[in-house]
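Proteins come first, then strands; the chains are lettered A, B, ... in the order of their sequence lines, and each starts at number 1.
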Amino acid sequence: MLKRTCYSDNMKDGKEVVLTGWVHERRDLGGIKFILLRDREGIAQITAPKKKVSEEIFKSMDSLGREWIIAVKGDVKSSPQAPGGLEVIPTEIEVISMAEPSLPLDPSEKVDADIDTRLDNRFLDIRKPRVTAIFKIRSDVLTAAREYLLSQAFVEIQTPKISASGTEGGTELFPISYFEREAFLAQSPQLYKQIMMATGMDRVFEIAHYFRAEESNTRRHLSESDAIDIEMAFIENEEEIMYILENLVSHILKYVSENRKKELDLLGVDISPLPKSFRRVTYDQAISFLQEAGFNVRHGEDLGTESEKALGNIVKEKYGDDLYFLTKYPLSTKPFYTNFDGNVARAFDLDYKGVEISSGGQRIHNVDILKTKIKEKGLSVSSFEAYLKTFRFGMPPHGGFGLGIDRLIMQMLNLENIREGVLFPHDRRRLEP
RNA sequence: GCCCGAGUGGUGUAGCCCGGCCCAUCAUCCAAGACUGUCACUCUUGUGACUCGGGUUCAAAUCCCGACUCGGGCGCCA
């Protein structure tokens, strides 16, 4: 097999190269034939004028089908008519793998396919340059996140994804059969990362996969998703956590906008402006903004999908911000471990274009208060024994957040469906591939 | 979980309201042919489809019922 010497975006005029890739399109004009060869980094034009290539090569250009994998050896020539100004005059073409005709979808994007058809044939769908771009960006989001958190002295950890009971009881859990017992798939690392605060590790983060058995059928929900979770000790208030979160997200956006210009252009996305800090909108402000705009929202309730979306538009109009914190929620809307000031939760949500991408806050670290709150929420103290134990032998004040990676990417890239930003999304209906 | 909507060649669609003019439109793909600068090449010819089951009717892609599959909204949630 011919060995690749470079990707399609790295050809130099006058050099001999070997490209490997997929036959994206073919054009046969009789005396001159073109193949557009697609690889990871782009598309190169292979040009075969009858008089400039061997008869064998000229003929073989006809026999190739769409999406066949080939290796092409040839000379790079600059040409004003070629896309990108460069083309390859082939001297050798090797077929590496053939593809059956009647592709289940069209990777050259001339004809759209439904999201369902696309996901059923995801390997073909991902061949589309625009889909590939999403996943290159996604990779960079995680690189940037690690880079920032490590720079702030966070330690990366891994916690169990199977356990005996649920954590916060907010969302539905997937039960699984665990030998002779029942167990559950993790929906959040919440309790574990809090336990880590009792270990002296001080600042930890985890990037992992979580499972939620919600009966949801929307563009924003998945049964499996990924999150970046952090927890940090010795904090005075939730503002210190928000500082980390806003800098983390800013760093991610900056990193992506600097390193993935080509991909962002391809997707038609401009992620600027890149604010350093994000606006704080209190719950009370949010309610009055919504009431002014004619929405029927009542104080004391969590915001519904419609209100959340509307608030995104209001904040954008008023201040021009895509990203903003929602702070000072009523305590009743938050989980039992949330710290408080009277009836106000010391917690926050981070919304991006009207969709919640993160929530967090300062936790209760006093074991007696924690027990009281567990009882108040109607939960049983005994089922939290292992968790509560870690609060009895020295627990610093602490807090953290969970940031939904799939939702961040969806909002950042203006994807219409969260599934677009996940390689193989699984949801209420889909379990394959 | 509740509600709304949709299933037509490989893919994306038109037709459905108002049954017959539909052995079903258009694009792309595929096959064959022509063409020396295409870049969604162009042109000619051809192959290929009404989700399934039941019902109404002289007649069903079209109307009714059910099943299956999918999309979306809400709730819940990140």
What are the residues of [range], sorted by number, that bring a heavy atom to within less than 4.0 Å of RNA chain B?
{"range": "residues 406-433 of chain A", "value": "R407(A), N417(A), R419(A), R428(A), R429(A)"}
{"range": "residues 75-86 of chain A", "value": "S79(A), Q81(A), A82(A), P83(A)"}
{"range": "residues 32-46 of chain A", "value": "I32(A), F34(A), Q45(A)"}
{"range": "residues 116-139 of chain A", "value": "D116(A), T117(A)"}

Problem set entry | Earlier contact from the 5' end, RNA chain B, for P101(A) and E25(A) | P101(A)

Seminar exercise, completed: By nearest-heavy-atom nucleotide on RNA chain B, the more 5' of G304(A) and E224(A) is G304(A)

Separation between [atom1] of [X] and [atom2] of [Y], rounded to the nearest 0.5 Å:
{"X": "R260(A)", "Y": "I271(A)", "atom1": "CZ", "atom2": "CD1", "answer": "12.0 Å"}
{"X": "S383(A)", "Y": "I374(A)", "atom1": "OG", "atom2": "CD1", "answer": "7.5 Å"}
{"X": "L245(A)", "Y": "E239(A)", "atom1": "CG", "atom2": "CD", "answer": "11.0 Å"}

Suppose you measure atom [atom1] in [N] against the same atom in [M]; what distance do you get, rounded to whole Å?
{"N": "C65(B)", "M": "C18(B)", "atom1": "P", "answer": "14 Å"}
{"N": "G12(B)", "M": "A49(B)", "atom1": "C1'", "answer": "13 Å"}
{"N": "G1(B)", "M": "G75(B)", "atom1": "C1'", "answer": "8 Å"}
{"N": "C22(B)", "M": "U62(B)", "atom1": "C1'", "answer": "11 Å"}
{"N": "U25(B)", "M": "C50(B)", "atom1": "P", "answer": "13 Å"}
{"N": "C68(B)", "M": "G53(B)", "atom1": "P", "answer": "15 Å"}
{"N": "U38(B)", "M": "A24(B)", "atom1": "C1'", "answer": "35 Å"}
{"N": "U8(B)", "M": "A61(B)", "atom1": "P", "answer": "15 Å"}

Length of the [atom1]-[atom2] vector between [X] and [N], whole Å:
{"X": "R220(A)", "N": "G71(B)", "atom1": "CZ", "atom2": "P", "result": "15 Å"}
{"X": "E109(A)", "N": "C29(B)", "atom1": "CD", "atom2": "P", "result": "15 Å"}
{"X": "L103(A)", "N": "G9(B)", "atom1": "CG", "atom2": "P", "result": "17 Å"}
{"X": "W68(A)", "N": "C29(B)", "atom1": "CH2", "atom2": "C1'", "result": "16 Å"}
{"X": "R219(A)", "N": "C70(B)", "atom1": "CZ", "atom2": "P", "result": "19 Å"}
{"X": "E67(A)", "N": "U28(B)", "atom1": "CD", "atom2": "P", "result": "18 Å"}
{"X": "F348(A)", "N": "A78(B)", "atom1": "CZ", "atom2": "P", "result": "13 Å"}
{"X": "I89(A)", "N": "U36(B)", "atom1": "CD1", "atom2": "C1'", "result": "12 Å"}

Within the pair [X] and [N], is there a side-chain N or O less than 4.0 Å away from OP1 or OP2?
{"X": "T305(A)", "N": "G75(B)", "answer": "yes"}
{"X": "R212(A)", "N": "A78(B)", "answer": "yes"}
{"X": "R66(A)", "N": "C29(B)", "answer": "no"}
{"X": "K110(A)", "N": "U11(B)", "answer": "no"}

Less than 6.0 angstrom from the centroid, inside 45 degrees of the normal: does [X] satisfy that with respect to the ring of [Y]?
{"X": "K334(A)", "Y": "Y329(A)", "answer": "yes"}
{"X": "K33(A)", "Y": "F58(A)", "answer": "yes"}
{"X": "K318(A)", "Y": "F289(A)", "answer": "yes"}
{"X": "R346(A)", "Y": "F340(A)", "answer": "no"}

For this session: Evaluate salt bridge (Lys or Arg N to Asp or Glu O under 4.0 Å) for K328(A) paired with D284(A), printing each intermediate quantity in order.
Result: CA-CA 8 Å; K328(A) 303 195 189 305; D284(A) 288 354; over 6 Å; no

Neighbour count >12 (heavy atoms, 6.0 Å) for atom [atom1], [X]:
{"X": "E432(A)", "atom1": "CD", "value": "no"}
{"X": "N343(A)", "atom1": "CG", "value": "no"}
{"X": "K59(A)", "atom1": "NZ", "value": "no"}

Exercise. Side-chain contact, heavy-atom cut-off 4.5 Å: V281(A) with T327(A)?
Worked result: no

For this session: Both distances under 3.5 Å, Watson-Crick or G-U wobble: on that basis, could you give the dot-bracket string for RNA chain B, with [ ] for crossing pairs and | for other-strand partners?
Result: (((((((..(((.......[.....))).(((((.......)))))....(((((..]....))))))))))))....

For this session: Could you give me the CA-CA distance, side-chain angles and deciding distance for D265(A) and K262(A), then say whether salt bridge (Lys or Arg N to Asp or Glu O under 4.0 Å) is met?
Result: CA-CA 5 Å; D265(A) 277 354; K262(A) 189 171 86 179; over 6 Å; no

Give [X] one of three labels, base, sugar-phosphate or nothing, depending on what nucleic acid heavy atoms sit under 4.0 Å from its own.
{"X": "G404(A)", "value": "nothing"}
{"X": "E215(A)", "value": "base"}
{"X": "I405(A)", "value": "nothing"}
{"X": "A113(A)", "value": "sugar-phosphate"}
{"X": "D349(A)", "value": "nothing"}

Problem set entry | From CA spacing to verdict: salt bridge (Lys or Arg N to Asp or Glu O under 4.0 Å), R430(A), E224(A) | CA-CA 11 Å; R430(A) 177 175 292 277; E224(A) 286 184 73; over 6 Å; no

For this session: Using only heavy-atom distances, decide whether a donor-acceptor pair under 3.5 angstrom links the side-chain of E87(A) to the base of G37(B).
Result: yes

Exercise. Which class fits the ring pair F278(A) and F325(A): parallel under 30°, tilted 30 to 60°, perpendicular over 60°?
Worked result: tilted

For this session: On the 0 to 90° scale, with breaks at 30° and 60°, tag the Y255(A)-H251(A) ring pair as parallel, tilted or perpendicular.
Result: tilted

Exercise. Is a side-chain N or O of R363(A) found less than 3.5 angstrom from the main chain of G400(A), in a donor-acceptor match?
Worked result: yes

Exercise. Can you check salt bridge (Lys or Arg N to Asp or Glu O under 4.0 Å) on K309(A) and E306(A), steps first, answer last?
Worked result: CA-CA 5 Å; K309(A) 209 176 290 173; E306(A) 193 194 11; over 6 Å; no

Problem set entry | E416(A): partners by side chain to side chain contact (heavy atoms under 4.5 Å, CB included), with sequence neighbours left out | none

